[in-house]
Amino acid sequence: MTKLSVNINKIATIRNARGGNVPDVLKAAIDCERFGAQGVTVHPRPDERHIRYQDVRDIRPMVSTEFNIEGYPNKSFIDLVLEVKPHQVTLVPDPPDVLTSNAGWDTMKNEDFLKEVIQEFQQNKIRTSIFIETDEAMVRNAAKTGTDRIELYTESYAKIFPVNKERAIEPFVQAANVANEVGVGINAGHDLDLNNLRYFAENIPGLLEVSIGHALISDALYMGLENAVQLYLRELR
Ligand code: PXP
């Protein structure tokens with residue numbers, strides 16, 4: 001079964017709106033696991049506008065499933081990941097001021113850079129994943145960076161899905177076939193929700209993990225976090 005990793009950045013965004021510790025990000029991480037999620041994802045950005053570096057340190061010992069840290073690998077991010085030693089690090093090529101991740105890596109232009117960073121994480125026994133789009137050459141070249149996994153950037157799937165789900169999934173199936181052929185594992189994320197998740201998971205061969213934040217936390221406002229986590233898990237079964 002594809003694993004569900006819940007991205008809890010949105011909980012931190014609400015907390016930061018008021019200072020203080022409501023809602024409690026640490027409790028949210030613990031609860032996501034308690035409610036059945038197989039992982040917790042955080043994406044600390046350089047300005048710490050949602051998840052803070054200290055949150056990452058505090059959450060680490062509480063997560064017994066899989067802790068995934070996403071971000072652009074600048075020096076402070078690399079130092080944090082090496083200090084905290086999560087199970088997985090997902091490298092994202094986003095500039096510091098971007099609202100949310102909006103592009104995948106160019107695995108050709110950045111091959112040497114990625115190779116170097118990936119090696120350092122792997123030497124510290126941290127599994128690596130790199131965020132990429134479905135372009136065949138990018139997927140094929142991802143293997144040359146030595147990464148354990150790729151994370152397919154699913155925004156385009158989510159956009160096209162309501163109009164034409166077959167067309168929406170097609171490039172992702174092709175990318176997954178290439179990833180399977182070159183031997184890199186497949187994660188996916190961005191804009192996955194209760195409407196589009198099942199079709200994605202059913203059609204992507206070898207999908208290991210999805211990371212979902214915005215839609216799941218928004219659904220939790222109406223149905224509660226426990227119900228939301230359980231409903232997303234149901235879509236993956
Ligand atoms: N994967 C990456 C690399 C992301 O940056 C994000 C958003 O922070 C997600 C997955 C999750 O996307 P969403 O919040 O739309 O579920």
Side-chain angles (χ1 to χ4, degrees), residues 2-14 16 25 28-29 32 37-52 55-56 66-74 77 81 86 88-107 110 114 117 127-134 138 142 147-162 168 172 175 185-198 200-201 204 207-221 225 228-229 231-233 235-236:
T2 304
K3 287 186 175 169
L4 171 67
S5 184
V6 179
N7 178 321
I8 56 170
N9 267 42
K10 281 280 137 49
I11 310 259
T13 306
I14 299 173
N16 295 355
V25 171
C32 285
Q38 296 105 342
V40 172
T41 291
V42 292
H43 191 147
R45 293 185 190 268
D47 60 4
E48 301 190 277
R49 65 180 184 270
H50 19 63
I51 284 287
R52 300 177 185 136
D55 292 326
V56 179
E66 181 197 281
F67 191 36
N68 176 44
I69 307 181
E70 296 173 350
Y72 179 82
N74 61 10
F77 178 85
V81 173
Q88 177 174 273
V89 60
T90 300
L91 307 178
V92 183
D94 52 353
D97 52 350
V98 76
L99 196 59
T100 181
S101 307
N102 57 11
W105 285 101
D106 182 326
T107 58
N110 296 286
L114 287 169
V117 177
R127 189 208 297 141
T128 61
S129 179
I130 58 175
F131 193 55
I132 63 172
E133 289 163 55
T134 54
M138 295 301 164
T147 191
D148 301 293
R149 296 188 185 182
I150 54 170
E151 179 180 328
L152 292 172
Y153 173 29
T154 48
E155 186 192 1
S156 65
Y157 165 74
K159 272 219 172 95
I160 302 170
F161 178 85
F172 289 86
I186 304 165
N187 296 341
H190 224 284
D191 296 312
L192 294 173
D193 64 22
L194 280 176
N195 294 317
N196 62 32
L197 179 59
R198 180 181 294 274
F200 190 82
I204 298 303
L207 180 64
L208 296 169
E209 178 183 309
V210 287
S211 112
I212 306 182
H214 186 79
L216 190 153
I217 301 301
S218 301
D219 286 336
L221 290 176
L225 188 57
V229 170
L231 282 175
Y232 278 76
L233 284 170
E235 297 304 297
L236 294 170

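Please read these numbers as outputs of a predicted model, since none were measured by experiment. First listed ligand is number 1; within each ligand, the first listed atom is number 1.
- Under the side chain to side chain contact (heavy atoms under 4.5 Å, CB included) test applied with L225, the options I217, I8, D219 reduce to a single match, I217.
- With ligand atoms numbered from 1 in the order given, ligand 1 contributes 3 (C) to contacts under 4.0 Å with heavy atoms of V92.
- Heavy atoms of H43 found under 4.0 angstrom from ligand 1 belong exclusively to the side chain.
- The contact set between ligand 1 and E151, taken as ligand atoms under 4.0 Å from a residue heavy atom, comprises 1 (N), 2 (C), 3 (C), 10 (C).
- By the criterion of a heavy-atom distance under 4.0 Å, both the backbone and the side chain of H214 are placed next to ligand 1.
- Of the candidates R49, R52, E48, R52 is the only one forming a side chain to side chain contact (heavy atoms under 4.5 Å, CB included) with N16.
- Within the structure, the closest approach of N7 to ligand 1 falls below 4.0 Å when heavy atoms are considered.
- Taking the six-membered ring for Trp and thresholds of 30 and 60 degrees, F131 and Y153 have ring planes inclined between 30 and 60 degrees apart.
- Scanning the protein heavy atoms around atom 15 (O) of ligand 1, the nearest turns out to be D191 N, 2.8 Å.
- Heavy-atom minimum distance, H50 versus N9: ND1-ND2, 2.8 Å.
- Looking at ligand 1, you won't find any N or O of A215 less than 3.5 Å from one of its N or O atoms.
- With ligand atoms numbered from 1 in the order given, ligand 1 contributes 1 (N), 2 (C), 3 (C), 4 (C), 5 (O), 6 (C), 8 (O), 10 (C) to contacts under 4.0 Å with heavy atoms of E70.
- For the pair N110 and I130, the minimum side-chain heavy-atom distance is 4.5 Å or more.
- The protein atom (non-hydrogen) at minimum distance from atom 11 (C) of ligand 1 is S211 O, 3.8 Å.
- Considering only non-hydrogen protein atoms, atom 5 (O) of ligand 1 sits nearest to S101 OG, 2.5 Å.
- Between F67 and P86, the shortest heavy-atom distance links the atoms O-CB, 3.3 Å.
- Ion pair E209/K3 not flagged as a salt bridge, since none of the NZ, NE, NH1 or NH2 atoms sits closer than 4.0 Å to an Asp/Glu carboxylate oxygen.
- Heavy atoms of K10 found under 4.0 angstrom from ligand 1: none, in either backbone or side chain.
- Nearest protein heavy-atom contact of atom 16 (O) of ligand 1 is G213 N, 2.8 Å.
- Between the side chain of T128 and the main chain of D148, a donor-acceptor pair closer than 3.5 Å is present.
- Nearest to atom 12 (O) of ligand 1 among the protein's heavy atoms is H190 CA, 3.3 Å.
- Using 4.0 Å as the threshold, L192 has no heavy atom nearer than that to any atom of ligand 1.
- What you find for H190 and T154 is that their closest heavy atoms are O-OG1, 2.6 Å.
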